[in-house]
A.B. asks: 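Can you read through this structure? Questions will come right after.
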There are 2 protein chains.
Amino acid sequence: MPTGTTKPRERFDALDEQTQARWLVPAEAEFCEYGFEKASLNRIITRAGESKGRTYHYFADKGALFCATLERRVRHDDFIDQFRKAASASDAREYWLELTALCARLTKTLQGDGRLASLLRTLHREAAAQQSFAEPLAAIRGSIDDLLIAGQSIGAVRDDLPITLLTEVALNLIATLDRWFALNGSTLSEEAEAALSQRAFLLLMAPLLPPRSTEAMSI
Amino acid sequence: MPTGTTKPRERFDALDEQTQARWLVPAEAEFCEYGFEKASLNRIITRAGESKGRTYHYFADKGALFCATLERRVRHDDFIDQFRKAASASDAREYWLELTALCARLTKTLQGDGRLASLLRTLHREAAAQQSFAEPLAAIRGSIDDLLIAGQSIGAVRDDLPITLLTEVALNLIATLDRWFALNGSTLSEEAEAALSQRAFLLLMAPLLPPRSTEAMSI
DNA sequence: GGCTCATTTAGACTGGTGGTCTAAAGTCGA
DNA sequence: TCGACTTTAGACCACCAGTCTAAATGAGCC
């Protein structure tokens, strides 16, 4: 490493968009096709028409390239607004209606952007990818934490279990539903899938709602 | 390959237990420490004091070795009984009590056998591992399908969503809970963890129960 | 014992991996 | 024009999973 003033990441961010795309376009294609571990950095470099030295000058490692690729696709600004809106709901009904809308929008976004969906699935499946995306991921978890805490304060979300556990459950349920529809959606008609997808939201809601008395009894 | 009569797997199964252990013991240690992808077959072979030729004579590939390693640890006979018992419950209350017991037992088993827990977590996390364990995994999914269908017939389990979706959700919830406790359990006292773990079972139950009317309304 | 033929075995070898290193080329202020 | 620093190309490294060849071994059979 040089005198220590600039890090690969800063150097890359300073590049103009077009130059950045030289790596990010082939990288996205590669990561979408092969996932993280099986993606070949050598192949990406070759397809980018770049050299190894230059590549490692701008990226600390394979994970940093994946991170940059994912960050370019992800546009969370709009979602943050909807998060805030849901968090400021004044009763349980409004809260869950907002979350329903948010989820529907997420679904639509993923359906409209196959590349993003693919990268996110890779992120969810591969531990190595999660590691390189650790900070953004922690921020997302934090946002969900906040959202659930807001839900608790109006009685929309159970408060008999640790927040981080609920967040983990919610995050993994979303990923599970997404994956199931990605695998099984093709066997359904367009409308059937939409209807089912809406109903499947109940699966996400159910474990987050305050428990019913009958459940508590049975333990 | 030889005349085609015997396959690597058959050859390995024909070996006596002690000889099998020459591979399986170091393989288990390696897979537990590094997971599937990052485990080094070369290292396993070296630690086993075996040669590459002999190893590939008994195992088709790295996945086959992982499969054999996992199969040795997994003792599902006893669980099958409990599955059957739950499936033959005559009302919802009995059904869920049985499942509670089954889950408690699973928890205890995993706590008592760290190696098994580690291998199962690897299986859940890494797609490549799942691929080599595909048939057993399909069998497990089938068993859960059956269990849920039995639950539906006595009104213990919702029937407004595809069974395979419910199974996937259940399987992933179990894995999520297990992982959360593996990561966060150390910060809890023994009793607190046990109590919490029992309460967390509600998270698994909730999405499987027939929906309450208020939920259905809010959609 | 010998002969034959198939199986078993050791380990060199292959084409790939992510990542490092060196030395040349470029850049820029004085 | 010099010197100091940054950027760049690509040879190189250790290691990977998996293949291949040629020697060793073993089982029947004479």
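Just so it is clear, the model here is predicted, and its values are computed rather than measured.
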A.B. asks: Taking only heavy atoms on the protein side, list every residue of residues 26-44 of chain B lying under 4.0 Å from any atom of DNA chain D, sorted numerically.
C.D. replies: B:Ala39, B:Ser40, B:Leu41, B:Asn42
A.B. asks: Between CG of A:Leu165 and CG of B:Leu183, what distance do you get to the nearest 0.5 Å?
C.D. replies: 11.5 Å
A.B. asks: Look at the side-chain N and O atoms of A:Tyr58 and state whether any lies under 4.0 Å from the OP1 or OP2 oxygen of D:dT8.
C.D. replies: yes
A.B. asks: The criterion is salt bridge (Lys or Arg N to Asp or Glu O under 4.0 Å); which residues satisfy it with B:Arg9, sequence neighbours excluded?
C.D. replies: B:Asp13, B:Glu71
A.B. asks: Tell me, which pairs form a salt bridge (Lys or Arg N to Asp or Glu O under 4.0 Å) where one or both residues lie in residues 112-123 of chain A, sequence neighbours left out?
C.D. replies: A:Glu28-A:Arg115, A:Arg73-A:Asp113, A:Arg121-A:Asp178
A.B. asks: Please report how far the helix from C:dG1-D:dC30 to C:dA30-D:dT1 bends, comparing the axis fitted to its first five pairs with the axis fitted to its last five, to the nearest 10 degrees.
C.D. replies: 20°
A.B. asks: With a 4.0 Å heavy-atom cut-off, tell me which residues in residues 48-55 of chain A come close to DNA chain D, sorted by residue number.
C.D. replies: A:Ser51, A:Lys52, A:Gly53, A:Arg54
A.B. asks: Determine which pairs satisfy salt bridge (Lys or Arg N to Asp or Glu O under 4.0 Å) with at least one residue from residues 46-56 of chain B, sequence neighbours left out, and list them in order.
C.D. replies: B:Arg22-B:Glu50, B:Glu30-B:Arg47, B:Glu50-B:Arg54
A.B. asks: Separation of A:Arg22 atom CZ from D:dT8 atom P, in whole Å?
C.D. replies: 11 Å
A.B. asks: Atom CZ of A:Phe59 and atom C1' of D:dT8: how far apart are they, to the nearest Å?
C.D. replies: 15 Å
A.B. asks: For B:Lys62 and D:dT19, give me the distance from atom NZ to atom P, rounded to whole Å.
C.D. replies: 14 Å
A.B. asks: Do A:Thr107 side-chain atoms and A:Cys103 backbone N/O form a donor-acceptor pair below 3.5 Å?
C.D. replies: yes
A.B. asks: Under the rule for salt bridge (Lys or Arg N to Asp or Glu O under 4.0 Å), what residues qualify as partners of B:Glu168, not counting sequence neighbours?
C.D. replies: B:Arg141
A.B. asks: May I have the distance from A:His57 (atom NE2) to C:dA23 (atom P), rounded to whole angstrom?
C.D. replies: 19 Å
A.B. asks: Name the atoms and distances for all side-chain donor-acceptor pairs under 3.5 Å in residues 61-68 of chain B, with sequence neighbours left out.
C.D. replies:
unit_1  : atom_1 : unit_2  : atom_2 : d
B:Asp61 : OD1    : B:Gly63 : N      : 3.2
B:Asp61 : OD1    : B:Ala64 : N      : 3.0
B:Lys62 : NZ     : B:Phe36 : O      : 2.9
B:Lys62 : NZ     : B:Glu37 : O      : 2.9
B:Lys62 : NZ     : B:Ala39 : O      : 2.9

A.B. asks: Under the rule for salt bridge (Lys or Arg N to Asp or Glu O under 4.0 Å), what residues qualify as partners of B:Glu33, not counting sequence neighbours?
C.D. replies: none
A.B. asks: I need the OH-P distance between A:Tyr56 and C:dG18, as an integer number of Å.
C.D. replies: 7 Å
A.B. asks: To the nearest Å, give me how far apart CD (A:Gln131) and C1' (C:dG18) are.
C.D. replies: 15 Å
A.B. asks: What is the distance, rounded to the nearest whole Å, between atom CG of A:Leu15 and atom C1' of D:dT7?
C.D. replies: 11 Å
A.B. asks: Which residues pass the side-chain hydrogen bond (donor to acceptor under 3.5 Å, both in side chains) test with A:Asp159, sequence neighbours left out?
C.D. replies: none
A.B. asks: Rounded to the nearest angstrom, tell me the gap between atom CD1 in B:Ile45 and atom P in D:dA17.
C.D. replies: 8 Å
A.B. asks: Name all residues meeting the side-chain hydrogen bond (donor to acceptor under 3.5 Å, both in side chains) criterion together with A:Thr167; count only those two or more places apart in sequence or in a different chain, and write none if there are none.
C.D. replies: A:Asp145
A.B. asks: Identify every side-chain donor-acceptor pair in residues 187-196 of chain A under 3.5 Å, counting partners at least two apart or on other chains, and give the distances.
C.D. replies:
unit_1   : atom_1 : unit_2   : atom_2 : d
A:Thr187 : OG1    : A:Asn184 : O      : 2.9
A:Ser189 : OG     : A:Ala192 : N      : 3.1

